[in-house]
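Have a look at the structure below, then the notes.
Every number for a ligand or one of its atoms is a count from 1 in the order of the listing.
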Amino acid sequence: MPTYTVINPATEQPVRTVPSTSAAETDAAIERAAAAQVSWRATAPGERAALLRAFAAEVGAHIEELAALEVAGSGHPVGAARWEAGQVRDVLAYYAGAPERAFGRQIPVAGGLDVTFAEPLGVVGLIVPWNFPMPILSWGLAPALAAGNTVVAKPAEMTPLTAIRIGELALAAGLPEGVFQVLPGKGSVVGQRLVDHPLVRKIVFTGSTEVGQQVMRGCAAQIKRLTLELGGKSANIVFADADLEKAAATAPSAVFDNAGQDCCARSRILVQRSVLDRFMELLEPALNAVRVGDPASEDTVMGPLISSAHREHVASYVPDGAPVAIRGTAPDGPGWWYPPTVLAPVSATDRAWTEEIFGPVVTVSAFGDEAEAIAMANDSPYGLSGSIWTRDVGRAIRVARGVETGNLSVNSHSSVRYWTPFGGFKQSGLGRELGPDALDSFTDVKNVFIATEE
Ligand code: NDP
């Protein structure tokens, strides 16, 4: 079987060699998943729930190992990597409660009774990007399995290590063979086969808008169900009446977490003009406190970028002569490092304002009033995330309703909670993941009328 080597982005050294799955092997895995689904969907709800709880516990017992793999294979700071592994455990535990609560409805009709069933779809194909290999895997995996589907997952080519290990942990927890399989390899081979294979009944895709469009076209050929989680260009809106100290202190984490390789990154900071100078004064020490370095070190806040090519892409947003207002530091030598960088002022035609950067570069711009802040935040084909800082509750709600985006936080930079729905407006996506209704997108509703009249 052909193989390829995973590279440590902090050292540029090889970490491990993994198999590169072929199209024929992908087909074989899909067929195994379809065969396994027959008994998985028939497994009693309580037993399926118990297996998901056991899977969660198995992941929970391997947090350190998974975190170390993510440090080496993806360059994530160890504290963040532990949190990400913990999220896999928690998401599995949360959806372990679902099989026994997959209620249908009884609908009043004349001449009989009408009941509905939430039927699993079959095989679900999960296509995962490189930026959050563990959490994003779990968001599709857990509800899909809870609903009675089997799952074939394709991790990103560059970051397959934790997904492969989680696949092994599933088997160790007692999940039957074929219920959850992980196929490392190329998007153009494994991912494309998942999209094209008729036995795969749903695709959960997280990644770039360009590939998402291609996946959507592929799914259209078979009316295949599809969830898309795509790019973002989110605003962090700071009003003059806000707690400026807190807004500035948290602004770096809102954009530089995971070195900015985050679809929810608030990569545009919008500040009300009357407090712009004060905000910039407060932002500088907050940015300088972002410790960039060895991801294995406990006090590291920001690690390297994922690859040399990605670093070049990020650097292209800061050409010679770019308006760099604040710049942090990053290590020299091996590793794909890039310092946290603030650009201000930028024009509305600058690429740094219009495009998703997916790196540690943020723009700061001034606005006059509420209407202008909303218009600036909405000046994007994306609509995934965002934050609003104000002490005025009415304004917070008005602005939240005005900003065309799927996930907002007020006086906070948090983005994703697995028990609330997550997904994008506009070109940021289609459908919702997570939250109490996630099983709806992994089931089809069957309506059965039973005549009771003699
Ligand atoms: P890509 O779209 O390049 O890749 C995403 C996944 O799709 C990878 O596993 C990739 O495989 C696979 N893929 C590539 N080509 C195909 C194909 N023809 N058919 C099926 N699958 C394919 O995105 P990135 O990995 O570069 O991730 C970064 C992007 O993801 C950013 O734009 C970001 O905003 C977005 N994202 C969105 C999130 C959200 O929830 N909205 C969350 C995280 C990221 P391979 O690795 O082998 O190329």
Side-chain angles (χ1 to χ4, degrees), residues 4 6-7 18-23 26 73-74 76 84 87 125-140 152-163 182-197 200 203-219 221 224 226-234 255 257-267 305-307 309-311 313-314 355-359 380-386 405-407 415-416 418 421-434:
Y4 68 97
V6 174
I7 306 292
V18 296
S20 187
T21 312
S22 69
T26 306
S74 310
H76 289 198
E84 291 159 17
Q87 168 130 135
L126 211 57
I127 302 175
V128 180
W130 48 260
N131 65 333
F132 285 111
M134 287 194 275
I136 293 175
L137 174 81
S138 71
W139 301 347
V152 181
K154 192 210 96 64
E157 196 183 5
M158 286 187 284
T159 59
L161 300 182
T162 44
V182 178
L183 309 183
K186 289 190 182 303
S188 55
V189 177
V190 184
Q192 193 65 49
R193 226 24 231 147
L194 289 172
V195 171
D196 292 340
H197 200 296
V200 177
I203 293 289
V204 179
F205 174 86
T206 304
S208 62
T209 301
E210 296 70 31
V211 178
Q213 286 169 332
Q214 205 177 321
V215 167
M216 194 172 182
R217 277 193 289 272
C219 287
K224 192 169 286 191
L226 175 66
T227 304
L228 292 175
E229 297 287 2
L230 308 173
K233 186 72 188 169
S234 301
V255 60
D257 264 3
N258 203 21
Q261 303 167 123
D262 180 346
C263 51
C264 289
R266 276 71 159 165
S267 56
L305 295 172
I306 191 68
S307 66
H310 189 56
R311 180 171 64 179
H313 173 73
V314 171
E355 295 177 16
E356 177 175 45
I357 299 173
F358 225 57
S380 169
Y382 296 116
L384 188 59
S385 195
T405 186
N407 312 278
S415 299
V416 185
Y418 56 80
F422 176 72
F425 278 29
K426 303 194 278 186
Q427 289 184 27
S428 283
L430 191 68
R432 291 290 175 273
E433 297 190 278
L434 300 173

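Considering backbone and side-chain atoms alike, V211 places every N or O at 3.5 Å or more from each N or O of ligand 1. The N/O atoms of W130, backbone and side chain alike, include one that comes under 3.5 Å of an N/O atom in ligand 1. Geometrically, ligand 1 and C263 share no nitrogen or oxygen pair separated by less than 3.5 Å. On a distance-only criterion, K186 and ligand 1 share no N/O pair closer than 3.5 Å. Ligand 1 has an N or O atom lying under 3.5 Å from an N or O atom of S208, backbone or side chain. On a distance-only criterion, S428 and ligand 1 share no N/O pair closer than 3.5 Å. At a 3.5 angstrom cut-off on N or O pairs, V195 does not count as close to ligand 1. Looking at V128 next to ligand 1, an N or O pair under 3.5 Å apart turns up. Polar contact with ligand 1: present for E356 (N/O pair, distance under 3.5 Å). Distances between N or O atoms of T206 and those of ligand 1 include no value under 3.5 Å.
For atom 12 (C) of ligand 1, the closest non-hydrogen atom of the protein is I127 CG2, 3.6 Å. For atom 43 (C) of ligand 1, the closest non-hydrogen atom of the protein is N131 ND2, 3.0 Å. Protein heavy atom in closest approach to atom 28 (C) of ligand 1: F358 CE2, 3.6 Å. With hydrogens left out, the protein atom closest to atom 27 (O) of ligand 1 is P129 CB, 3.5 Å, a heavy atom. With respect to atom 13 (N) of ligand 1, the closest heavy atom belonging to the protein is G187 CA, 3.5 Å. Protein heavy atom at the shortest distance from atom 41 (N) of ligand 1 is L230 O, 2.6 Å. Given atom 20 (C) of ligand 1, the protein heavy atom at minimum distance is G191 C, 3.3 Å.
Using a 4.0 Å cut-off between heavy atoms, E210 makes no contact with ligand 1 at all. At a 4.0 Å heavy-atom cut-off, ligand 1 does not touch D262 at all. At a heavy-atom distance under 4.0 Å, atoms from both the backbone and the side chain of E229 approach ligand 1.
Side-chain contact check for W139 versus V204: every heavy-atom pair is 4.5 Å or farther apart.
Remark: side-chain polar atoms of R266 are paired, donor with acceptor, to backbone N or O of G386 under 3.5 angstrom.
Checked against salt bridge (Lys or Arg N to Asp or Glu O under 4.0 Å), R193 has the following partners two or more places apart in sequence or in another chain: D27.
Atom NZ of K186 has 12 or fewer heavy atoms from other residues, nucleotides or ligands within 6.0 Å.
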